[in-house]
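Notes follow once the structure below has been shown.
Computation of the quantities below employed the complete heavy-atom set of this structure, encompassing side-chain atoms and omitting hydrogens, waters and symmetry-equivalent molecules. Since the model is a prediction, treat every value here as computed from it, not as a measurement.
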2 protein chains.
Amino acid sequence: MLEATTGQGLRATGRRMTRTRKAVLALLERTHQPLSASEIFSQLQEADVAIDLVTVYRTVNVLKEIGLVVQLDLHQEGQSRYELKEGRKHHHHIRCQICGKIVDLLLCPLKKLTKLIEARTQFIVGDHTLEFSGLCPQCQ
Amino acid sequence: MLEATTGQGLRATGRRMTRTRKAVLALLERTHQPLSASEIFSQLQEADVAIDLVTVYRTVNVLKEIGLVVQLDLHQEGQSRYELKEGRKHHHHIRCQICGKIVDLLLCPLKKLTKLIEARTQFIVGDHTLEFSGLCPQCQ
DNA sequence: CCATTATTGCAAGTCTATTGCAAATAACAC
DNA sequence: GTGTTATTTGCAATAGACTTGCAATAATGG
């Protein structure tokens, strides 16, 4: 059982662990692709979990706020995707331009670069987005 | 005068250099920030150039297709921005989370990383997005 | 200048995501 | 378990970015 589904993080912020939130977390747990809100919606429908698309949006936002879920804005997709955080290290992704498959890149090369950018621009760097797209082995 | 506004790139693809396309190119030339479609629209209105928002969208798409303009998807902005290419080197940006100022980063550290990703994932890498956000010197 | 064909403006539509509000339900005290 | 209360949900409506259909307009080539 996911630590998350016991609801500590939620209750600690005055929120409740509900059936729909459990269902979204469980779906994200058994899915190994970052999912969009509409994908979460339709996959839960197929699994006979009654949930409104609006509730999906509200749920992923809450899960993001309490740090259980990460929001991804992949390269020119026009929609956000969500994946479980679950103590995983910060990482990036590559997405196949043809079949849409998304693969994790288990690295982030940007720590040194962040220092360099801060020195050059005088900004304080807060966050970054790094996403690749290309052709996966099957689609080449 | 911008090379672009003479229209070779357009005519070479069976397209025409029109007053509105010139106006969009000229605006992008004199503006040193990447602009969104709605910003292009409103700034042209202020400059008394009659143009429809729909035409702005179609124009930036054409300019992107013929390679005069680059489309940026900045970090969780929910809209695209456009900047002139004009022979400039591929580069990335940092955006202030408070005032929205966007500064060019005149570097791209990803050539070696691209090779590494191709070796590890067997993808052929086609493109990437790398955008930073943070606090600019004035907003700190 | 004329004919052809690309381009524009307007209206309507699509898609992602958000908000208001009444009804449902989880958490908690008893 | 029962009841109370605040959170959460579903539905409808709305917002914002962007696209499409189509008739009217305007740029090019002869």
A:Q71 CD to C:dA17 C1', straight-line distance once rounded to whole Å:
11 Å
Can you tell me how far C1' of C:dT16 sits from CG of A:L72, to the nearest Å?
16 Å
For D:dC18, does either OP1 or OP2 sit under 4.0 Å from a side-chain N or O belonging to B:S80?
yes
Atom CG of B:D52 to atom C1' of D:dA17: distance rounded to whole Å?
14 Å
Side-chain donor-acceptor pair under 3.5 Å between B:Q138 and B:K101, yes or no?
yes
Checking side-chain polar atoms at under 3.5 Å, does B:E83 have a donor or acceptor matched by the opposite partner on B:H91?
yes
Find the distance B:I51:CD1 to D:dA26:P and express it as a whole number of Å.
14 Å
Is it the case that one hydrophobic cluster holds both B:F132 and B:L113, taking links as side-chain heavy atoms less than 4.5 Å apart, direct or via other members?
yes
Assess whether atom NZ of A:K85 is packed by more than 12 heavy atoms of other residues, nucleotides or ligands within 6.0 Å.
no
Hey, is the main chain of B:P34 close enough, under 3.5 Å, to the side chain of B:R81 for a donor-acceptor pair?
yes
Hey, which sits more toward the 5' end of DNA chain D by its nearest nucleotide, B:N61 or A:T20?
A:T20
Taking the six-membered ring where the residue is Trp, are the ring centres of A:H92 and A:H128 under 6.0 Å apart?
yes
For nucleotides 19-30 of chain C, just jot down a letter per nucleotide in 5' to 3' order: B, S or -, based on protein non-hydrogen atoms under 4.0 Å.
BB-----BS---
So for atom CZ, which belongs to B:R88, do other residues, nucleotides or ligands contribute more than 12 heavy atoms lying within a distance under 6.0 Å?
yes
Can you check the B:E65 CD to C:dT7 P distance for me, whole Å?
10 Å
Does B:E65 reach the main-chain N or O of B:V62 with its side chain, forming a donor-acceptor pair under 3.5 Å?
no
How close or far is atom P of D:dG16 from atom CD of B:E77, stated in whole angstroms?
15 Å
Is A:Y57 near enough to C:dT18 that one of its side-chain N or O atoms lies under 4.0 angstrom from OP1 or OP2?
no
Without decimals, in angstroms, what is the distance between A:F41 CZ and C:dA17 P?
14 Å
Whole-Å distance separating the CD atom of B:Q79 from the P atom of C:dT16:
18 Å
Any side-chain heavy atom of A:T31 sitting closer than 4.5 Å to one from A:Q43?
yes
For the helix from C:dC1-D:dG30 to C:dC30-D:dG1, how many degrees between its two end axes (five pairs per end), to the nearest 10°?
40°
